[in-house]
Amino acid sequence: QELVQSSSAACPTPAPPLRRTPCMGAAPPRAPTPMVWLPLGLAPVLLLSLPRACRLEEVDLAGVPQDEGGSRSSAGVSPEERLLDYDCIRQDPSTALVSWSAWLVELEKQDGGGLMDKSLGYIEALVGDGNRERADAECALGLLMADVLHMLICYEKGGFNGPRGCYAIYEERLRAGLGRFGLRVLIGTRWPIADALQFMRFSSHAAEAAGAAKAAGLDCGRIASPVLDWPAFREVFSRPEWYQPAVDVSYGPELEQSWRHAAEECPLGFVAANFVKAMLCAHTESVCFAGHEAMLRDFLAQIPLHLVQGSGWPALWLLTHVPRVVRRHRFALDFTPRELLLPPPDTAAVAAAGGGAGDPASEALLDLRALLPALREAAGAAAEGDVRLA
């Protein structure tokens with residue numbers, strides 16, 4: 001609600017084929033200004049773009065026929081393009097650089113082995129510019145996982161000022177990936193990208209990173225006349241029962257009324273508040289999730305990760321925590337995109353081909369077919385009950 005309400009200027013309703021995502025404030029939409037780090041003496045200066053008031057996303061409707069009545073159908077659009085295989089579980093290992101699905105299964109095993117030990121053989125096969133381009137086409141999130149691990153290796157060996165810019169190369173690639181995929185994909189993926197980032201907390205270079213973040217002012221501890229008591233807000237996250245106090249501050253009058261000023265004044269404190277709001281939106285009114293996710297995407301893609309970790313703000317921890325609490329189940333539904341998006345020619349064909357010629361039916365579809373008679377019977381009984389009540 002707080003994203004949609006506007007006291008001065010409402011977001012314009014675009015004409016098709018544009019759709020509107022939730023408003024992010026009261027100001028009219030404007031083009032974002034890039035965020036860059038510039039050296040100024042010993043401390044970098046963060047030039048922040050104020051978050052967009054409204055975000056318009058163009059919907060590609062080319063080639064999508066209209067049903068009778070003008071509604072769009074999915075006919076003519078590849079199901080694989082509409083439901084992307086981010087986890088790469090349908091990748092053919094015989095033609096891929098590495099077996100992405102086998103690597104993912106290894107990472108998910110609860111056998112006490114470390115992420116690095118399970119990954120070395122895989123990430124070594126991805127080294128090289130030519131391999132990198134091919135890996136990005138095969139499994140972009142798998143490649144991002146490799147970038148995380150490469151970055152951590154470089155960070156542990158030489159810190160953020162290590163030889164030959166090892167850390168900087170992979171850290172920049174990782175931030176580009178965070179901006180490319182955003183929180184929505186990171187919440188849903190099985191690749192433990194956010195979990196791996198937690199290793200930065202235990203690095204021997206943690207104190208050095210904390211000093212650099214403090215020099216950059218990212219701890220927000222020395223602000224004259226601040227919008228909010230930022231150190232007190234940061235301390236909230238160290239409490240065992242932190243959630244409700246964090247919600248109270250995130251939706252408090254200081255941040256609600258002066259959010260633009262707060263974003264400039266303490267960017268990582270503002271990030272923490274948006275993580276809390278995004279988590280609440282994902283649990284309740286998901287319509288407001290996109291606005292906060294867009295803010296987080298912009299900020300996290302621009303601020304170097306060692307400074308994020310060294311600042312004392314829990315942004316990287318929240319990047320791990322939010323997916324864990326938002327995922328309400330671990331159901332392994334294996335419907336194929338064809339089964340979900342394309343109408344089958346008949347039920348017998350669905351059973352035999354899984355909604356696509358030559359493809360086996362998924363376990364989930366077979367289970368659903370077995371339950372359909374009971375579901376229809378229950379629906380009929382409920383309908384008859386409604387009639388009797390009427």
Side-chain angles (χ1 to χ4, degrees), residues 37 39 41-46 103 106-107 109-124 126-127 143-178 186 191-222 230-231 234-235 237-240 242 266-269 271-272 275 299-324:
W37 284 87
L42 296 178
V45 176
L46 181 61
W103 182 18
E106 283 296 317
L107 293 174
K109 287 181 179 177
Q110 302 295 322
D111 56 6
L115 296 179
M116 200 70 71
D117 293 336
K118 295 178 178 180
S119 302
L120 287 177
Y122 293 99
I123 63 177
E124 287 174 358
L126 303 176
V127 175
L143 179 60
L144 191 61
M145 183 73 208
D147 287 342
V148 173
L149 297 177
H150 270 128
M151 183 198 74
L152 293 173
I153 293 172
C154 296
Y155 188 61
E156 189 57 34
K157 286 183 176 180
F160 52 86
N161 291 316
R164 298 185 301 279
C166 174
Y167 164 79
I169 291 172
Y170 288 103
E171 191 272 340
E172 288 178 4
R173 288 174 175 174
L174 177 56
R175 280 191 286 119
L178 295 177
L186 291 177
W191 290 100
I193 293 169
D195 287 328
L197 287 173
Q198 295 306 303
F199 288 101
M200 295 186 75
R201 298 170 56 193
F202 309 105
S203 170
S204 57
H205 302 283
E208 185 182 3
K214 186 174 182 179
L218 288 174
D219 62 336
C220 310
R222 302 176 305 281
W230 296 110
R234 189 175 66 231
E235 185 273 333
F237 294 95
S238 63
R239 303 176 190 174
W242 61 270
C266 185
L268 290 177
V271 163
F275 263 119
F299 280 96
L300 292 179
Q302 296 297 330
I303 306 176
L305 294 173
H306 64 277
L307 296 179
V308 174
Q309 182 58 54
S311 69
W313 288 100
L316 297 186
W317 175 77
L318 287 168
L319 191 62
T320 304
H321 178 76
V322 172
R324 287 177 177 170

**Message:** Tell me every residue that passes ring pair (Phe, Tyr, Trp, His ring centres under 6.0 Å) with F275, counting only those two or more places apart in sequence or in another chain.
**Reply:** none
**Prompt:** Could you state the interatomic distance from CG (L316) to NE2 (H321), rounded to the nearest 0.5 Å?
**Reply:** 14.5 Å
**Request:** Kindly write out the residues that satisfy ring pair (Phe, Tyr, Trp, His ring centres under 6.0 Å) with W103, not counting sequence neighbours, or none if the list is empty.
**Result:** Y122, W191
**Asked** Does anything in residues 143-152 pair up under salt bridge (Lys or Arg N to Asp or Glu O under 4.0 Å), and if so which pairs, sequence neighbours excluded?
**Response** R132-D147
**Complete:** Those residues at least two apart in sequence (or on a different chain) that pass side-chain hydrogen bond (donor to acceptor under 3.5 Å, both in side chains) with E172 are none
**Qualifying salt bridge (Lys or Arg N to Asp or Glu O under 4.0 Å) pairs with a residue from residues 210-220, counting only residues at least two apart or across chains** = D219-R222
**Residues in side chain to side chain contact (heavy atoms under 4.5 Å, CB included) contact with L186, at least two apart in sequence or another chain** = L178, I193, L319
**Message:** Looking at every non-hydrogen atom in both residues, tell me the closest pair between R175 and I303 and how far apart they are.
**Reply:** CD-O, 3.2 Å
**Asked** CG of L115 to CD of Q198: how many Å apart, nearest 0.5 Å?
**Response** 11.5 Å
**Prompt:** Got a sec, which residues hit side chain to side chain contact (heavy atoms under 4.5 Å, CB included) with A272, two or more places apart in sequence or on another chain?
**Reply:** F233, F237, W313, L318
**Any residue meeting side chain to side chain contact (heavy atoms under 4.5 Å, CB included) with E156, in chain and number order, not counting sequence neighbours** = S203, S204
**Fill in**
Scanning both residues in full, the closest heavy-atom pair of R201 with A206 reads O-CB, 4.0 Å
**Request:** Look only at the side chain of E171 and the backbone of L305, and say whether a donor-acceptor pair between them is shorter than 3.5 Å.
**Result:** yes
**Request:** Determine, stepwise, if the pair Y170 / I153 fulfils side-chain contact (heavy atoms from CB on, under 4.5 Å).
**Result:** CA-CA 10 Å; Y170 288 103; I153 293 172; over 6 Å; no
**Asked** Minimum heavy-atom separation for C220 to P231, with atom names?
**Response** O-CD, 3.8 Å
**Complete:** CG of L143 to CZ of R173, rounded to nearest 0.5 Å, is 8.0 Å
**Message:** H150 and side-chain contact (heavy atoms from CB on, under 4.5 Å): which single residue from I123, L126, L174 fits?
**Reply:** I123
**Item:** Residue pair L152 / M200: nearest heavy atoms and the distance that separates them
**Value:** CD2-CG, 3.6 Å
**Residues that W317 engages under side-chain hydrogen bond (donor to acceptor under 3.5 Å, both in side chains), provided they are two or more places apart** = none
**Request:** Take the angle between the ring planes of H306 and Y167 and call it parallel below 30°, perpendicular above 60°, tilted in between.
**Result:** perpendicular
**Item:** Side-chain touch E235/S238, heavy atoms, less than 4.5 angstrom
**Value:** yes
**Request:** Would you please indicate yes or no on a ring centroid separation below 6.0 angstrom for F160 and H205?
**Result:** no
**Asked** Sequence neighbours excluded, which residues qualify as salt bridge (Lys or Arg N to Asp or Glu O under 4.0 Å) partners of E208?
**Response** none
**Item:** Smallest separation among heavy atoms of L268 and L307, with atom names
**Value:** CD1-O, 4.3 Å
**Prompt:** Which atom names give the shortest non-hydrogen contact between A213 and G310, and what distance separates them?
**Reply:** CB-C, 3.5 Å
**Which residues share a side chain to side chain contact (heavy atoms under 4.5 Å, CB included) with D111, sequence neighbours left out** = K109, K118
